[in-house]
Amino acid sequence: MIEIRVDDNACNGCGLCVKDCPMHVYELRESLSVPVHPENCMGCLSCHEICPAQALEHKGIYPSRRHYIDIRVCEMLNRVI
Amino acid sequence: MTDGTIEKMKGAFSTDLVYRSEDVPLTCIPNPEELEDTLHGLMKLNGLIIRSLEEVAGRGANAVTYRAGRKYGHEVAKYFEKMENIEEALKELSDILRGQFTFEIWKPADKTSYIIQENGSTFIYLVFHDCIVRQTLRRNGQAQGGPLCQTLYGYVVGAIEEITGRKAKLEIVHTGPNACLKKLILQ
């Protein structure tokens, strides 16, 4: 099962993850996002992408193939960073 | 351009390799890593074709891409063993397609069976993990759920029709960067 952790210090309670999740994994409680049904998470990572505070962490995800990452661009970025 | 330059250019296309008609290629040549440029070129081209199709044909683009996907599904699945069990058919399809459209049959935790009956319709949730369509769209910065996703819709419907002989519909429930949730509605 996927484990979800919300960084309470980072979460700003915007509720975007609550609205976006099709499986209603999250609920807003006292202005913080709480994963109330992590067992229903299918690992799409939409919440990750949408979270403006980057407060979410998922453990046990199957990472899909990412051939769209341009290796040359990454190499260039690595050199700059 | 001098003659020397042209000869140099032509030299790159001349090898000592002997190709015989009976030779069956068993490995990818060149190494897939060397194909990165080709892959990115194909993804860009596909994205541009779909974008242009949408501009010209509007909503009709979905019908074109759906039909293309359905043909692909029928084509791939015609070599499969025919079976009536839809779960078995999906499992086999997922195994064979690993790398292009890798999917798993999925259910919410409160459901006991993968075949769900709700409001008079029977459906199965499918989570698509590896998907060449998603990669193409993200490569080009295009939105998910558009005409290119209809190819996948047609693909699964075509394959299911071919294997089980049953009519089906695929509904996009949710699209994400790492996986997409689809509903296979059985008729």
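Letters A, B, ... mirror the listed sequences (proteins, then strands); counts begin at 1.
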Spacing of B/H129 atom NE2 and A/M42 atom CE [to the nearest 0.5 Å] =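 Between atom NE2 of B/H129 and atom CE of A/M42 there are 9.5 Å.
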OG/A/S64 to CD/B/Q135 distance, rounded to the nearest 0.5 angstrom?
->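 Rounded to the nearest 0.5 Å, the OG-CD separation comes out at 6.5 Å.
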Spell out the residues in residues 38-67 of chain B that have some non-hydrogen atom less than 4.5 Å away from a non-hydrogen atom of chain A, in order of number; otherwise answer 'none'.
->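 Those residues of residues 38-67 of chain B which have a heavy atom under 4.5 Å from chain A are B/L39, B/H40, B/M43.
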Part of residues 176-186 of chain B lying next to chain A, heavy-atom separation under 4.5 Å |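 The list, in residue order, reads B/G176, B/P177, B/N178, B/A179, B/L181.
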ILVMFWY cluster, [X] and [Y] together (side-chain gap under 4.5 Å):
X: B/L126; Y: B/I116; value: no
X: B/V157; Y: B/L90; value: yes
X: B/L170; Y: B/Y114; value: yes
X: B/I86; Y: B/V127; value: no
X: B/F128; Y: B/I124; value: yes

Can you say whether B/T175 sits under 4.5 Å from chain A via the side chain, the backbone, both, or neither, judging by heavy atoms?
->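 Backbone of B/T175 only, per the 4.5 Å heavy-atom cut-off to chain A.
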B/Y125, part contacting chain A, at a heavy-atom distance under 4.5 Å =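 Contact with chain A: side chain only.
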Heavy-atom count around B/K71 NZ within 6.0 Å, excluding the residue itself: above 12?
->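 Atom NZ in B/K71 is not packed in, count stays at 12 or less.
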For atom NZ of B/K169, is the number of surrounding heavy atoms from other residues, nucleotides or ligands below 6.0 Å larger than 12?
->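 Counting other residues, nucleotides and ligands, NZ of B/K169 stays at 12 neighbours or fewer.
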Residues from residues 45-61 of chain A approaching chain B under 4.5 Å (heavy atoms) |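 The residues closer than 4.5 Å to chain B, in numerical order, are A/L45, A/S46, A/E49, A/I61.
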So which bits of residues 14-41 of chain A come within less than 4.5 Å of chain B, counting non-hydrogen atoms only?
->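 At a heavy-atom separation under 4.5 Å, chain B is reached by A/D20, A/P22, A/M23, A/E39, A/N40, A/C41.
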Under the side chain to side chain contact (heavy atoms under 4.5 Å, CB included) rule, what do A/Y62 and B/D130 come out as? Steps first, then yes or no, please.
-> CA-CA 10 Å; A/Y62 169 87; B/D130 301 320; 2.7 Å; yes
